[in-house]
There are 2 protein chains.
Amino acid sequence: MALAEAILVCLTDRPMSGYDLAKTFDASIGFFWRASHQQVYRELARLREKGLVDSREIEQSGRPNRIIHTITNSGEDVVHAWSLKPCRMPSVKDELLVKLYALDTVDISVLREQLDIRLDQHRAKLSAYHRIKEKFYDGQNLTRAGKGKLIALTMGISNEGEMVKTLGTAITMLGEIDE
Amino acid sequence: MALAEAILVCLTDRPMSGYDLAKTFDASIGFFWRASHQQVYRELARLREKGLVDSREIEQSGRPNRIIHTITNSGEDVVHAWSLKPCRMPSVKDELLVKLYALDTVDISVLREQLDIRLDQHRAKLSAYHRIKEKFYDGQNLTRAGKGKLIALTMGISNEGEMVKTLGTAITMLGEIDE
DNA sequence: TTCTATTATGCAATTATGTGCATATGGTTT
DNA sequence: AAACCATATGCACATAATTGCATAATAGAA
């Protein structure tokens with residue numbers, strides 16, 4: 001259960017509402033650990049129960065009240081303990097690769113379209129990462145936190161770039177079959 | 001639920017026991033879709049219930065009887081329908097990247113060790129993939145199924161190679177902090 | 001001789017994730 | 001005026017994955 005830790009990590013930076021967190025998980029930290037808003041709210045309820053966050057409701061007029069969550073001391077202890085534990089390998093689960101693996105049971109032109117779609121998705125991610133890097137992490141006086149995010153982003157960029165290249169190769173190889 | 005489809009795809013090739021399938025998921029198809037033996041046995045029970053596989057017990061002396069599972073016609077229909085559906089993007093969930101993202105809450109030397117471990121894991125995968133490619137897919141007269149597996153393997157190799165490179169960069173960048 | 005690995009199957013409990021739905025309001029677009 | 005988007009929260013149901021346990025025989029190593 002590292003969603004808990006990912007949320008706590010976000011709250012280390014600053015106290016946030018569930019809505020803020022959900023948006024963060026749609027962007028920044030979501031590049032490395034994806035979660036929906038429902039998941040975030042459910043996990044926040046658990047963290048509150050365990051006393052790892054402190055939640056206070058803020059009155060608002062016009063729109064629903066916000067609930068601001070602040071990390072507690074025991075929350076920080078949990079983050080620290082987690083940081084020392086070894087990391088798991090992310091588990092691979094890619095339907096596209098399974099379809100390539102099972103090439104004699106699938107239609108090549110359909111699969112080709114699916115590869116094209118995937119290629120576009122990786123291109124989109126790549127340019128999004130580039131924009132973020134230029135906007136926030138190209139200055140030279142970065143904090144330690146900023147440097148860490150830059151390293152993660154750099155890995156993301158080279159990952160996506162590589163995916164774009166490999167998918168191109170795969171599409172070419174697929175095109176050379178049955179022609 | 002694409003574990004069902006991954007199992008059916010394996011059974012398209014040849015009928016297999018749960019044990020055989022579990023081993024296949026520890027290697028070959030497991031490179032693209034990971035599953036434990038418990039998961040495989042449970043899913044096989046479901047597939048049997050739905051009539052997508054046909055299961056017959058084979059008597060053995062000395063050791064437990066094997067149950068051989070064969071894909072049925074409706075099982076093949078399910079695989080075909082699945083092959084036409086668009087593929088999902090694999091969901092990113094990587095603790096190591098979250099730790100980099102949260103660099104000011106983690107100890108750099110501990111994180112460095114974790115990066116080293118990850119680097120070794122990717123190197124191991126890379127050389128395993130290379131061995132398999134040389135052994136099974138370097139000949140020129142491949143079947144269509146073989147060509148598909150070669151494309152998937154090629155993508156795996158370039159993925160792992162890229163991870164090895166990027167982790168090297170990340171370790172260097174991490175080393176340049178606080179020195 | 002004890003311990004471990006391999007073959008072969010699976011249940012039970014827990015934890016995690018995904019999908020659909022529900023509510024409430026103010027501002028902007030058509 | 002109606003439709004839609006952003007803000008803000010969350011429940012309920014369903015599916016999937018992890019972890020620990022359980023059984024049972026044989027072969028080979030320590």
Side-chain angles (χ1 to χ4, degrees), chain A residues 1-8 15-27 30 32-50 53 55-69 78 82 85-95 98, chain B residues 1-7 15-27 30 33-50 53 55-69 78 82 85-95 98:
Chain A
M1 197 216 296
L3 174 58
E5 283 85 357
I7 289 174
L8 290 173
M16 280 195 248
S17 71
Y19 189 79
D20 294 334
L21 279 164
K23 278 203 298 181
T24 306
F25 275 89
D26 266 352
F32 315 122
W33 196 278
R34 187 143 291 283
S36 66
H37 81 268
Q38 292 94 331
Q39 239 181 110
V40 169
Y41 281 111
R42 190 176 21 191
E43 199 61 47
L44 277 170
R46 283 181 202 152
L47 293 172
R48 196 166 51 229
E49 260 178 54
K50 290 185 193 166
V53 300
S55 311
R56 276 168 307 141
E57 198 163 354
I58 305 290
E59 298 285 326
Q60 288 194 142
S61 59
R63 55 198 57 192
N65 293 338
R66 317 181 83 214
I67 298 168
I68 301 292
H69 308 275
V78 167
W82 163 75
K85 275 197 297 179
C87 295
R88 296 190 175 183
M89 277 283 267
S91 80
V92 193
K93 270 177 212 298
D94 192 336
E95 285 190 76
V98 174
Chain B
M1 196 217 295
L3 174 57
E5 283 85 357
I7 289 174
M16 281 195 247
S17 71
Y19 189 79
D20 293 334
L21 278 164
K23 279 203 298 183
T24 306
F25 275 90
D26 266 353
W33 196 279
R34 186 141 292 282
S36 65
H37 81 268
Q38 291 95 332
Q39 240 179 113
V40 169
Y41 281 111
R42 191 177 9 174
E43 199 61 48
L44 278 170
R46 281 181 204 151
L47 293 172
R48 196 166 51 228
E49 261 179 53
K50 290 185 193 166
V53 301
S55 311
R56 277 169 305 142
E57 198 163 353
I58 304 289
E59 299 284 326
Q60 288 194 145
S61 60
R63 54 198 59 190
N65 293 339
R66 318 182 81 214
I67 298 168
I68 301 292
H69 308 275
V78 167
W82 163 76
K85 277 196 298 180
C87 296
R88 298 189 172 182
M89 278 283 267
S91 80
V92 194
K93 271 177 210 300
D94 192 337
E95 285 190 76
V98 174

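Throughout, protein chains are lettered first and strands after them, A, B, ... in sequence-line order, and every chain is numbered starting at 1.
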Audit row: B/Q39, B/L3, side-chain contact (heavy atoms from CB on, under 4.5 Å) steps and yes/no: CA-CA 9 Å; B/Q39 240 179 113; B/L3 174 57; 3.7 Å; yes
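- Here the P atom of nucleotide C/dT15 and the CG atom of A/L47 are 14 Å apart, to the nearest Å.
- Taking atom CZ on B/R46 and atom P on D/dA14, their separation rounds to 14 Å, with Å as the unit.
- A straight line from OH of A/Y41 to C1' of C/dT19 spans 17 Å, rounded to a whole angstrom.
- Atom pair A/L21:CG and D/dG10:P shows a separation of 12 Å (rounding to whole Å applied).
- Spacing between atom CZ of A/F25 and atom P of C/dT17 amounts to 10 Å, rounded to whole angstrom units.
- Under a 4.0 Å N-O distance rule, the pair A/E43/A/R46 qualifies as a salt bridge.
- A/L44 has its CG atom 13 Å from the C1' atom of D/dA8, to the nearest Å.
- Of the options B/C87, B/P90, B/P86, a side chain to side chain contact (heavy atoms under 4.5 Å, CB included) to A/E95 is made by B/C87 and by none of the others.
- Not one side-chain nitrogen or oxygen of A/Y19 sits closer than 4.0 Å to the OP1 or OP2 atom of D/dT9.
- The two residues A/A35 and A/V40 make their nearest non-hydrogen contact at CB-CG2, 4.4 Å.
- Scanning all heavy atoms of the two residues, the minimum distance from B/A4 to B/L47 falls at CB-CD2, 3.9 Å.
- Comparing B/K23 and B/A45 against DNA chain C, the residue whose closest nucleotide sits nearer the 5' end is B/K23.
- Protein atom CG of B/L3 is 6 Å distant from nucleotide atom P of D/dA17, rounded to whole Å.
- For A/R66 and D/dT7, the CZ to P distance is 10 Å, given to the nearest whole Å.
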Chi angles and distances behind the side-chain contact (heavy atoms from CB on, under 4.5 Å) call for A/Y41, A/L21: CA-CA 9 Å; A/Y41 281 111; A/L21 279 164; over 6 Å; no
Please tabulate, one pair per line, each protein N/O and nucleotide N/O from nucleotides 18-20 of chain D that are separated by under 3.5 Å, including the distance.
residue : atom : partner : partner atom : Å
D/dT18  : OP2  : B/Q39   : NE2          : 3.3
D/dT18  : O4   : B/R42   : NH2          : 3.3
D/dT19  : OP1  : A/R88   : NH2          : 2.6
D/dG20  : O6   : B/Q38   : NE2          : 3.2

